[in-house]
Every structure is written in C-alpha cells, then in structure tokens.
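Here's the structure we're looking at; comments come further down.
First the proteins, then the strands, lettered A, B, ... as listed; each starts at 1. The figures that follow rest on heavy atoms only: side chains count, while hydrogens, waters and symmetry mates do not.
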Protein chains: 2
Amino acid sequence: MGKKRVTLADVARLAGLSTTAASMILTGRPDTRLSPEAHKKVHDAAASLGYRPNVAARALRTDKSRSIAFISDYVATTRFASGLIRGALSAAEQAKHVMLVLETGGEPAREIQAVETALDRQVDGLIFAAMRAREVFVPDLAINVPVVMLNGTSARFPISVLPAEYEGGRRAVELLVSSGITKDIVLLGHNAKQEEGLFRSETISRRFMGIRDAMADAGLTFAAELSCWNWEPNFGYDLTRKLLKTQRPRALLCLNDRLAFGAYQALGEAGIRTPEDVALVSFDNDELASYLRPGLTTIGLPHEEMGSRAVELLLAPSRIPQANLIDMPVVMRGSLPRNCS
Amino acid sequence: MGKKRVTLADVARLAGLSTTAASMILTGRPDTRLSPEAHKKVHDAAASLGYRPNVAARALRTDKSRSIAFISDYVATTRFASGLIRGALSAAEQAKHVMLVLETGGEPAREIQAVETALDRQVDGLIFAAMRAREVFVPDLAINVPVVMLNGTSARFPISVLPAEYEGGRRAVELLVSSGITKDIVLLGHNAKQEEGLFRSETISRRFMGIRDAMADAGLTFAAELSCWNWEPNFGYDLTRKLLKTQRPRALLCLNDRLAFGAYQALGEAGIRTPEDVALVSFDNDELASYLRPGLTTIGLPHEEMGSRAVELLLAPSRIPQANLIDMPVVMRGSLPRNCS
DNA sequence: AGCATGTGCTAAATGGATTTAGCAAAGCGG
DNA sequence: CCGCTTTGCTAAATCCATTTAGCACATGCT
C-alpha cells in the first residue's frame, strides 16, 4: 500500500552511482562515456527494483510525453471509427506511445477544447480523424506538434492519409468486366453533389472518377444511374424496387455496402437470384457484407491500415507533406459470377 | 513559433503576486485568505495571457493527471466497443478528464504492459472493459488507483457495470406475450454452456434465467430450442432453415441480432412473412436491426450508458462496491405484430 | 501597553526526471 | 616532471505547479 514508486534516485543509490549516470544509461544516450560496469550496475538495479520512469516528470523536462491524441468528430456513429482507432492504437503501441482519444462531434468549441486538452498534456502529435471524409476544420490554435489528417484533409496541415478511392473505383468496374459483365450495369448511389466533391470530400469524387474512367476504358456506359442523397439501406431498397419495375439489370454497382444491403432486400423480394441474375459489387467491406447471402463482393475501406499509417507518419522522423493513399482491397465474396479464370 | 507556453510564473508576475497566490487562486482553494482584488488580478492576468496549466508539472506534484485509462481486450472486433468507448469518452469529457485507450487482445503480456503504461502516466483510474462479457483477467500488479470493470467482472475489483440481462431476458418474453403470442415460440441460440455461465460470463446466463422465468410465469414452454456455439448470422440461417423443414413456428426468440439476421434470410427464402407469419424478438440492438425489413424489435445493449456509468463510478468520490446493472431498453420495430393496446 | 489572533501574502521546498557544466584521476607526449 | 587530453563520473540547474511553513502587519481585548 504505502510503498511509493521506485524513482531514479533509488536506482542510482542501489547502483552506487549518480542519478545523472542512471538517467543517461537508462535512456540509452549514445555519446556517454560511462563504463560497461556502470551500465550493468544500473540496469541490474533498475530491474531488481522494477523501476519505471515517471512519465510526468520526464514530460515536464523534455516536453515529450510519448503520447499522441486522436481527435475525431465521431467515434461511434460510424463503424469506421473503430477500425481507424484500432489501427492507430496498434501502431502507437508498437512505437511505445499511448493514445488519447477525444471526440468533438464536429463542434468547433469542443474541437478547441480537445486540442487544448491534448496540448496541455504535451502530446507528441495530433491526429485529426474525420468519420465522414471531408475537408476538416481544425481550430486556429498555435499547434507546435506534428499533425496528420486521417480520412480527411486540411489546408493547414498537408499530411493526410486517405483511401485510394480512384483506384478503388476502377477496381469495382474492372471486377464486373472481368466477370464477363459488359452491359446492363446500373450505378446505385449516384449523387451529383458528391461526385463534384461539393458535399463530401474529394475522396468520394475520386471514387466516381475511377468508376467513370474505368467504364470509359472498357467502352461501357451505365444502363441507369440511381441517385440518392443518403447511402442507407432503405434508399438502396427503394431505388432498386423502382428500378426493377422498368428494367432488369445484369449488375448493380453500389456506392456502399448499405445501399447494396437494401438492394439485396429488393432483389430477394422480387425473387431475383444473385449472382446468377444480378451481380453486385460495392464499397466499404462493412461487417454487413459478410453476413449477406451470397456474401457481397466489395472494395474495402482499409481503415486499420489508414489508422496505423497515420500514426507512423506522425511519429516518423522525416515527414514529407503528401497525401498517403492507402490501397482499397478487393474482398471477393459470392455476389459476382465466377467467370474469369 | 518560438513563443513558449505561458507559465504560472508569468501570470503571477503580471498580476504582481507570487506564484503561490496565483496557484491557490487558480486552483480555487477554499480556505485561502487572499483578497478579492488578488483574485481578480490573477484571473485577469491568466485570461489575458491565455494561461493553461502544464498538466505534467501538476501531475508530478499532485500525482493526479485528470486522465483515465480504458483498457479493453478488443476495440474494433466487436461493434460494442465503440459504444462503450463513446459513452466513457463523453462522461470523461464532462468530468474534464482525458481518456487513454489501450487494447490488449486479451493477451496477459499486453495487459501487463497496458496497466504499467497507464500507471506510469499517473492515471486517476482504470477501466477494464471486456468485449465478451466474462470474468476478466486483471494482471496481478500493484494498482493504487480506482478500478471499474466494464461489461465484465473480476474477483479483485468488485465494482462493475453490466447490462441488466435478467430483466432484459424477461422483457423479450413479455414482448411476445403482450403481442398475443403464446405458443410455437422457438428459442434460437440456446447454448448449454453459456446458459450455465461456463463459457461466457454470468451475464449471458442471467439473460437465460430471465427468459426462463418469464416463460414460466406466463405458463409457456418453447416449442423448440435451437443450439449453436456461435451467434453469427449463418448459424441463425442454418438453424432456421432446418427448423422450417419440420415445423412452422409462430415466433423466434433470438439470442442476438445476428442470429436474427440469419433467421430473416431463411424466412425470406421460404417466403414466410414477418411479423404476420413469424414474429421475431432479439437482443443487442445492433446497427443491423434497423436495416432489416421489417425492422427488428430487439432488447438493446445499453453500451453508451454503460461506458458513461463506468466513468462516473470511477470518478465518484464514494464508490460503493456493487454491480451496476444498466437497463436494457426495448427497441420497438416491426418484427412483432401490433396486438397489444 | 502587551499579547493573542487574524489577515494577506510569499519564500522555499517539493515532485522525478533530464541536462549542462565541470571535477578528479588517469594516460600520454616530450 | 609538466601540461594536455581523455575517461568516468557527478553536482546542480532545470522543467512548472503545488504546498508547507511562516513573515509582516493590522486588529481586538484587557
């Protein structure tokens, strides 16, 4: 109970050396002239006492705390958040850093609060994560630590980690083409504003660009483009139902898995089989995608990798301003016919 | 750039007082004999300089850091985690605390690491969160701060926050009964080991107890109990399909939403309508539940509230050892017939 | 006047590490 | 043997806020 923590002074005393020596040895300074015996004595003493440095004391002196702040607009609202956090967490753990998680709800006042709270704690870096990829508002405070934008961008902070949406968009189309589907492809979830990058961020508009370019390259056009302003299952359901009244598509290219989910429901009700009658490809690799029957083939959002990349960039000694585009993996399931060899 | 942070000494200097005075005033000490003018001068100086205390320095002196650690086995694997984290985060924010999130994967070595890292940082409390409710292993380290178990229990630390599973179990049955369903109810997801509390924690076994008791109270018995060892959609699907070959239930009581999801698929394929032909109730209030058609009526796991309660307990001045059972809300959707008035 | 009490404030110690500046002894060259 | 460098190590300052101990002056009471 009453046992106080072991301090560096205790270690030094047991080793018969000064705290200076102990400190230098334990922090592994390179240019020190301390003898091998001293090293051994200090390490032994530290080990036998179970010494753990007091991070606050160290932070006070060095202005480094081996911790980073993960500031996001929403952590639970979207299922994406936990992937980003998990990835960031594991990279932080590898780098022997600890992660503060802060949520702002996108409210400027809370954002300011969050940044100040983090800075008060001498964090070694800030990650601003956006759950809805977009240009992120970053409070106009003096920030004297590295910043990485995650799943979003900011004019002030040029280093950002984003999914490689353009390539992802292309892949979705290529998947259809290589499954032998070359006509009656319907785009589900078109949205002019998003496509122009007005509503959400550029990232989604890049997904559209990838899709358009790949279609053009394959010499294809969509049989229809179904628009909606929100990518939720019921929109997918309604749009697909309406579609089926007038035409019978060969494939649905869905802008996300939840739209696809709704489409499955409408197809199921109409007694249309997947993938024999209608094939589907989608984006996100939501948990949902694996629950569907047949499993939904989808271009995954690489959240974990994005999260860990963000931390790596943040802590890397030389950080080059750039957008780090993380590959969107193809997750093959059963919603495409197995046609290609 | 080169501007250093404002320190308490700066504030004191501007106010024309000692740092002692400044400290006492800013920390709001009650028994101080400093004059109202002194208070004003210090507050004005602090405000005009934008003073923010250095948390490390304060932590060093007071051994309190206004931060807590959230140590969980998994953060992303289950969709539950983010609810718990979010709830904890918001309660922490309210209490002006910051939250470190640490993931251990349930590995003892990482658990030890996590606890030590947290303790090194003078956290004011530890939350051990289990994503799979169970008796949690807590590393056998000297922990000199409050601990709250979240969604799990530990012999060493008696304060825990759990869902009120017994009541939840009862409610699911009562929902069926009050919908006028009194026979041909099938239990989906029975598992003897879980029911006995062997595999998972007591919490699930309490859910079973609630279900059994409510059935008994209503004078009902299950028409069948379908067992499986894993509550994933495909199990729900397979079991329901098999069931439908031999009998036609009036209702399915599913142990979680993913099983129910699988059941929906099997029912849909068989052309059976919900809720007219078969009604469903389930547990969790997964995101899924709202996507289904009709929406799944389910007994929700109150993750956010659990998370915030855990933090409140942790930081409350007097913490009474007890299990805090958080109410599991009934989330009404369309999978039950509207019968009751 | 003399003494206790109260008021308003501060000097200095403290927490635990890092870091600067520098000391003492040994080694070396001539 | 003298002066210079190298080796091996340490005293003390430092980071910044909190807190203990206590000073100087005013007031009240007898």
Side-chain angles (χ1 to χ4, degrees), chain A residues 2-43 45-46 49-67 119-124 144, chain B residues 2-43 45-46 49-67 116 119-122 124 144:
Chain A
K3 276 185 199 168
K4 282 173 210 152
R5 272 179 78 101
V6 176
T7 70
L8 186 64
D10 299 329
V11 173
R13 199 173 309 122
L14 180 60
L17 290 165
S18 68
T19 60
T20 309
S23 172
M24 287 173 152
I25 288 169
L26 290 177
T27 52
R29 274 242 208 144
D31 56 342
T32 264
R33 295 181 311 227
L34 295 157
S35 65
E37 302 89 66
H39 276 79
K40 178 161 170 32
K41 280 192 287 183
V42 169
H43 280 123
L49 294 176
Y51 169 69
R52 308 221 91 216
N54 180 318
V55 176
R58 177 179 287 176
L60 180 58
R61 192 71 237 270
T62 62
D63 226 47
K64 300 233 131 65
S65 60
R66 301 202 78 78
S67 62
L119 259 24
D120 287 351
R121 283 172 172 75
Q122 261 100 282
V123 294
D124 301 339
N144 53 357
Chain B
K3 276 185 198 169
K4 279 174 211 152
R5 271 180 79 102
V6 176
T7 70
L8 186 63
D10 298 329
V11 173
R13 199 172 309 122
L14 180 60
L17 290 164
S18 68
T19 60
T20 310
S23 171
M24 288 173 151
I25 288 168
L26 290 176
T27 53
R29 275 244 209 143
D31 57 341
T32 262
R33 297 183 309 229
L34 294 158
S35 66
E37 301 90 68
H39 276 80
K40 178 159 170 31
K41 279 192 288 183
V42 168
H43 280 124
L49 294 176
Y51 170 68
R52 306 221 92 216
N54 180 317
V55 175
R58 178 179 286 175
L60 180 58
R61 192 73 237 273
T62 62
D63 228 45
K64 301 232 133 65
S65 59
R66 300 201 79 78
S67 62
E116 288 184 332
L119 259 24
D120 288 350
R121 282 170 174 77
Q122 260 101 287
D124 301 338
N144 53 357

State whether [X] places a side-chain N or O below 4.0 Å from either non-bridging phosphate oxygen (OP1 or OP2) of [N].
X        : N       : result
Thr20(B) : dT10(C) : no
Thr7(A)  : dG15(C) : no
Tyr51(A) : dG16(C) : no
Ser23(A) : dT18(C) : yes
Ser35(A) : dC9(D)  : yes
Arg61(A) : dG15(C) : no

Exercise for the section: Give a yes or no on whether a donor-acceptor pair under 3.5 Å exists between the nucleobase atoms of dG8(D), that is its base, and the side chain of Arg33(A). Expected result: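 Indeed, a donor on one side and an acceptor on the other fall under 3.5 Å apart.
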Exercise for the section: Give a yes or no on whether a donor-acceptor pair under 3.5 Å exists between the nucleobase atoms of dT18(C), that is its base, and the side chain of Arg58(A). Expected result: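 No, the side chain and the base share no sub-3.5 Å donor-acceptor pair.
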Practice task
For Thr19(A) and Ala12(A), indicate whether the former's side chain and the latter's backbone hold a donor-acceptor pair under 3.5 Å.
Solution key: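 No, the answer is negative, given that no donor and acceptor are paired below the 3.5 Å cut-off.
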Problem - Any donor-acceptor N/O pair, Thr62(B) side chain to Arg58(B) backbone, under 3.5 Å - result: yes
Practice task
Mind listing the closest non-hydrogen atom pair of Arg66(B) and Arg121(A) along with its distance?
Solution key: O-NH2, 2.8 Å
Exercise for the section: Determine, stepwise, if the pair Asp120(A) / Arg5(B) fulfils salt bridge (Lys or Arg N to Asp or Glu O under 4.0 Å). Expected result: CA-CA 10 Å; Asp120(A) 287 351; Arg5(B) 271 180 79 102; 2.9 Å; yes
Problem - Shortest side-chain distance from Thr62(B), nucleotide among dT19(D), dC9(C), dG15(C) - result: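 Ranking dT19(D), dC9(C), dG15(C) by closest atom to the Thr62(B) side chain puts dT19(D) first.
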Problem - Of the listed nucleotides dT19(D), dT10(D), dC16(D), the one nearest the side chain of Ser18(A) - result: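 Comparing dT19(D), dT10(D), dC16(D) against the side chain of Ser18(A), the answer is dT10(D).
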Completion exercise
By nearest-nucleotide position on DNA chain D, the 5'-leaning member of Glu37(A) and Val6(B) is Glu37(A)
Exercise for the section: Let me know which of Leu17(A), Val42(A), Leu34(A) forms a side-chain contact (heavy atoms from CB on, under 4.5 Å) with Met24(A). Expected result: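 For Met24(A), the side-chain contact (heavy atoms from CB on, under 4.5 Å) test succeeds with only one of Leu17(A), Val42(A), Leu34(A), which is Leu34(A).
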Exercise for the section: For residues Ile25(A) and His43(A), determine if any side-chain heavy atom of one lies less than 4.5 Å from a side-chain heavy atom of the other. Expected result: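 Answer yes - side chains close enough.
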Exercise for the section: State, yes or no, whether a side-chain contact exists between Thr7(A) and Asp10(A) at a heavy-atom distance under 4.5 Å. Expected result: yes
Practice task
Give one of base, sugar-phosphate or nothing for Ala38(A), where a contact means two heavy atoms less than 4.0 Å apart.
Solution key: sugar-phosphate
Practice task
Round to the nearest Å and state the distance from Leu60(B) atom CG to dT19(D) atom P.
Solution key: 12 Å
Fill in the blank from the handout: Leu26(A) atom CG is separated from dG16(C) atom P, nearest whole Å, by 16 Å
Exercise for the section: Could you tell me the separation between the CG atom of Asn54(B) and the CG atom of Leu8(B), rounded to the nearest 0.5 Å? Expected result: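 The CG atom of Leu8(B) is 10.5 Å from CG of Asn54(B), to the nearest 0.5 Å.
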Exercise for the section: With rounding to the nearest 0.5 Å, note down the distance linking OG in Ser23(B) to CZ in Arg61(B). Expected result: 10.0 Å
Handout entry: 5'-to-3' dot-bracket of DNA chain C (Watson-Crick, G-U; under 3.5 angstrom; crossing pairs as [ ]; | other strand)
Key = ||||||||||||||||||||||||||||||
Practice task
Identify, between Ala56(B) and Leu34(B), the residue whose nearest nucleotide on DNA chain C lies closer to the 5' end.
Solution key: Leu34(B)
Handout entry: Most 5' of Met24(A) and Leu8(A) on DNA chain C, judged by nearest nucleotide
Key =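 It is Leu8(A), whose closest nucleotide lies nearer the 5' terminus.
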Just the table, please: protein N/O against nucleotides 25-28 of chain D N/O, every pair under 3.5 Å.
none

Problem - Under-4.0 Å salt bridge between Lys64(B) and Asp124(B) - result: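 Judged by the 4.0 Å cut-off on N to carboxylate O distance, Lys64(B) and Asp124(B) do not form a salt bridge.
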